Amino acid sequence: MEDNRRPLEGGIVTDFADRMSYSGYLCLEGLLAQQRPLSTPPHHDETLFIIQHQVAELWMKLMIHELTAAIRFVQQDQLDPCFKILSRVKLIQMQLFDQWAVLETLTPSEYAEFRGVLGSASGFQSWQYRMLEFLLGNKNRDALVVFRHDAAIHAELTAVLEAPSLYDEFLRHLARRGLAVPTACVERDWTEPHTKNDALIEVFREIYQNPRGQWDAYEMCEKLVDVEEYFQLWRFRHMKTVERIIGFKRGTGGSSGVGFLRQALELTFFPELLAVRTGLGQK
Ligand code: HEM
Ligand SMILES: N[C@@H](CC(=O)c1ccccc1NC=O)C(=O)O
């Protein structure tokens with residue numbers, strides 16, 4: 001290739017008048033028409049802000065798809081397919097974490113120039129994020145009020161709020177295996193978040209003290225811990241990004257801002273899976 005040009009091969013398909021094409025399959029016409037800055041004249045960096053959020057929402061869509069499938073597998077007592085799913089979920093979470101670096105190139109001065117056009121819009125109104133929290137067990141009915149205006153989304157989120165989370169389903173699975181999971185964890189008001197239960201720590205102690213005894217349950221526990229860790233890392237980096245871009249201003253969604261985001265770092269999905277570690281190796 002002396003002329004530094006790759007010749008096209010004869011077999012390359014070139015007529016797409018009546019064939020499925022790349023952009024046709026991916027609906028790119030619609031997708032790429034959705035980046036519409038509201039600032040006038042359009043501020044250069046608003047495009048970054050929009051695309052960063054849209055990409056995050058697309059990854060969240062896939063995470064919801066994957067976690068919903070994982071819940072169904074656990075309901076059917078099949079843990080093996082969940083391992084692959086949760087590995088994928090963790091890799092998506094790593095993408096979402098790394099993605100903050102792109103947004104961090106937005107300076108406070110640049111953001112201030114178009115923040116006004118956002119009005120009261122805020123990530124607090126991301127229904128996909130709320131659904132992820134619910135699927136993983138951070139239930140909070142109060143978070144639904146901001147979706148009152150949208151009956152379809154409100155109903156969809158309510159259904160997930162009222163259903164057992166991935167962790168709830170895992171605990172129910174462990175109970176079906178004959179492990180001493182407290183009844184209060186197996187039948188309860190699923191709209192409430194799970195709270196730490198000491199008897200459950202004992203169940204996990206049994207699993208962690210003899211991994212070979214129930215390797216699949218042990219592996220599932222570790223996959224869940226991975227997902228929790230990356231969820232927290234995402235929350236932390238969101239908070240740090242917010243801190244460096246708007247300091248301690250109030251949020252457009254009406255919250256105190258960084259202080260409100262910091263409180264989310266205290267939330268935990270699988271408290272017993274962290275607690276069990278403290279006692280391991282001790283008699
Ligand atoms: C300049 C960048 C960003 C700033 C300054 C910012 C700021 C904030 C603030 C202050 C809140 C608290 C709610 C409020 O009062 O508005 C919030 C919540 C939230 N933001 Fe962002 N954010 C940024 C980027 C992002 C991105 C890229 C995402 C990705 C989807 C995101 C998702 C969320 C979510 C899901 C919440 C709700 C968190 C919760 O309920 O704990 N934010 N954001
Ligand atoms: N809450 C942000 C605004 C914001 O970040 C935002 C606005 C509209 C759509 C998504 C957003 N992202 C996360 O909150 C702020 O207070 O500046």
Side-chain angles (χ1 to χ4, degrees), residues 34-39 42-64 67 89 92-150 153-154 156-157 160-161 165 193 227-228 230-269:
Q34 306 308 316
Q35 295 69 42
R36 293 183 292 243
L38 287 185
S39 47
H43 188 282
H44 176 83
D45 298 305
E46 197 181 345
T47 306
L48 160 70
F49 188 79
I50 292 170
I51 291 182
Q52 176 93 20
H53 282 88
Q54 290 181 337
V55 169
E57 289 290 339
L58 283 175
W59 281 128
M60 286 195 262
K61 181 171 183 172
L62 183 57
M63 282 174 72
I64 291 168
L67 290 172
V89 168
I92 300 168
Q93 290 179 294
M94 291 168 77
Q95 294 282 337
L96 283 167
F97 180 78
D98 287 339
Q99 200 181 297
W100 283 114
V102 185
L103 192 61
E104 277 170 354
T105 63
L106 180 70
T107 66
S109 330
E110 289 160 351
Y111 184 49
E113 286 179 47
F114 66 87
R115 187 178 187 228
V117 304
L118 304 174
S120 299
S122 158
F124 191 74
Q125 300 131 26
S126 164
W127 63 265
Q128 293 207 108
Y129 179 82
R130 213 52 75 198
M131 186 169 288
L132 280 173
E133 283 197 328
F134 288 179
L135 288 169
L136 292 170
N138 271 167
K139 301 290 183 73
N140 185 352
R141 195 185 277 282
D142 295 344
L144 292 185
V145 302
V146 295
F147 305 106
R148 262 183 317 188
H149 65 283
D150 188 334
I153 293 298
H154 194 275
E156 218 181 307
L157 275 173
V160 180
L161 178 80
S165 69
V227 171
E228 162 132 23
Y230 273 90
F231 209 98
Q232 291 293 24
L233 286 173
W234 185 91
R235 282 175 171 157
F236 182 75
R237 203 153 177 201
H238 177 233
M239 183 194 76
K240 295 306 283 181
T241 305
V242 174
E243 199 177 76
R244 68 182 279 171
I245 298 182
I246 62 166
F248 297 93
K249 287 191 190 72
R250 292 193 78 79
T252 49
S255 81
S256 59
V258 166
F260 179 68
L261 298 174
R262 187 176 297 116
Q263 282 174 25
L265 301 176
E266 300 289 322
L267 301 172
T268 162
F269 296 119

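Owing to the predicted nature of the structure, the values given are computational and were not obtained by experimental measurement. In what follows, every heavy atom counts, from backbone to side chain, and hydrogens, waters and symmetry copies are set aside. Each ligand, and each atom within it, is numbered from 1 in the order the structure gives.
Of all protein heavy atoms, the one closest to atom 15 (O) of ligand 1 is S255 OG, 2.7 Å. Protein heavy atom nearest atom 41 (O) of ligand 1, with residue, atom name and distance: A264 CB, 4.0 Å. The protein atom (non-hydrogen) at minimum distance from atom 4 (C) of ligand 1 is V242 CG2, 3.6 Å. Atom 25 (C) of ligand 1 has H53 NE2, 3.2 Å as its closest protein atom, hydrogens excluded (heavy atom only). The closest protein non-hydrogen atom to atom 10 (C) of ligand 1 is G251 CA, 3.6 Å. Protein heavy atom closest to atom 33 (C) of ligand 1, with residue, atom name and distance, is G123 CA, 3.5 Å. Counting only heavy atoms of the protein, atom 2 (C) of ligand 1 lies nearest to L103 CD2, 3.5 Å. For atom 11 (C) of ligand 1, the closest heavy atom belonging to the protein is L261 CD2, 3.9 Å. When only non-hydrogen protein atoms are considered, atom 1 (N) of ligand 2 lies nearest to T252 OG1, 2.9 Å. In terms of protein heavy-atom proximity, atom 11 (C) of ligand 2 is nearest to H53 NE2, 3.2 Å. The protein non-hydrogen atom at the shortest distance from atom 14 (O) of ligand 2 is G123 N, 2.7 Å. Annotation: atom 17 (O) of ligand 2 to nearest protein heavy atom, Y111 OH, 2.5 Å.
Once rounded to the nearest 0.5 Å, the distance linking OG1 of T241 with CD of Q52 reads 8.5 Å. Here the straight-line distance linking atom CD of E110 with atom CD1 of I245 works out to 9.0 Å at 0.5 Å rounding. Taking CE from M63 and CG from L96, the interatomic distance works out to 6.5 Å, rounded to the nearest 0.5 Å. The structure places CD of E228 at 8.0 Å from CG of N138, a figure rounded to the nearest 0.5 Å. Rounding to the nearest 0.5 angstrom, the gap separating the CD atom in E46 from the CD1 atom in I50 is 4.5 Å.
In summary, the atoms of ligand 1 found under 4.0 Å from a heavy atom of F124, numbered by their order in the structure, are 18 (C), 19 (C), 36 (C), 37 (C), 40 (O). The contact set between ligand 1 and G253, taken as ligand atoms under 4.0 Å from a residue heavy atom, comprises 14 (C), 15 (O), 16 (O). Against a heavy-atom cut-off of under 4.0 Å, Q52 is close to the following atoms of ligand 1: 27 (C). Close approach of ligand 2 to A121 is summarised as follows: ligand atoms under 4.0 Å from at least one heavy atom of the residue are 7 (C), 8 (C). The ligand atoms of ligand 2 that sit less than 4.0 angstrom from a heavy atom of L118 are 3 (C), 7 (C). Near S122, meaning under 4.0 Å from one of its heavy atoms, ligand 1 places the atoms 13 (C), 14 (C), 16 (O). Ligand 1 places these atoms under 4.0 Å from at least one heavy atom of W100: 24 (C), 25 (C), 26 (C), 27 (C), 28 (C). For ligand 2, the atoms lying closer than 4.0 Å to a non-hydrogen atom of G251 are 16 (O). Within the listing of ligand 1, atoms 29 (C), 30 (C) sit less than 4.0 angstrom from a heavy atom of A56.
Residues R130 and Q125 are not in side-chain contact: their nearest non-hydrogen atoms beyond the backbone lie 4.5 Å or more apart.
At a 4.0 Å cut-off, at least one heavy atom of F49 sits close enough to ligand 2 to count as contact. The closest approach between T241 and ligand 1 stays at or above 4.0 Å for every heavy atom of the residue. Taking a 4.0 Å cut-off on heavy atoms, R130 registers as neighbouring ligand 1.
The six-membered or imidazole ring of Y111 lies near that of F49, with a centre-to-centre distance under 6.0 Å. Aromatic pair F236/Y230: centroids not less than 6.0 angstrom apart. Taking the six-membered ring for Trp, H43 and F114 have ring centres closer than 6.0 Å.
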* **Derivation and outcome, side chain to side chain contact (heavy atoms under 4.5 Å, CB included), residues E243 and F248** => CA-CA 7 Å; E243 199 177 76; F248 297 93; 4.0 Å; yes

* Worked verdict on T252 versus S120 for side chain to side chain contact (heavy atoms under 4.5 Å, CB included) -> CA-CA 5 Å; T252 49; S120 299; 5.8 Å; no

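For R250, no heavy-atom contact with ligand 1 is shorter than 4.0 Å. By the criterion of a heavy-atom distance under 4.0 Å, neither the backbone nor the side chain of V258 is placed next to ligand 1.
Which of Y111, Y129, W234, F49 comes nearest to atom 29 (C) of ligand 1 through a heavy atom is settled by distance: it is W234. Closest heavy-atom approach to atom 43 (N) of ligand 1 within the set Q128, H238, R235, E133: this belongs to H238.
No hydrogens or angles considered: nothing links the side chains of S39 and E113 as a donor-acceptor pair under 3.5 Å. A donor-acceptor contact closer than 3.5 angstrom is absent between the side chains of T47 and Q35.
Using a 30° and 60° split on the angle between ring planes, W234 and H238 fall in the parallel class, below 30°. Classification of the F231-Y129 ring pair by plane angle, with boundaries at 30° and 60°, yields tilted.
Salt bridge absent: E133 and K139 never bring a charged side-chain N and a carboxylate O closer than 4.0 Å.
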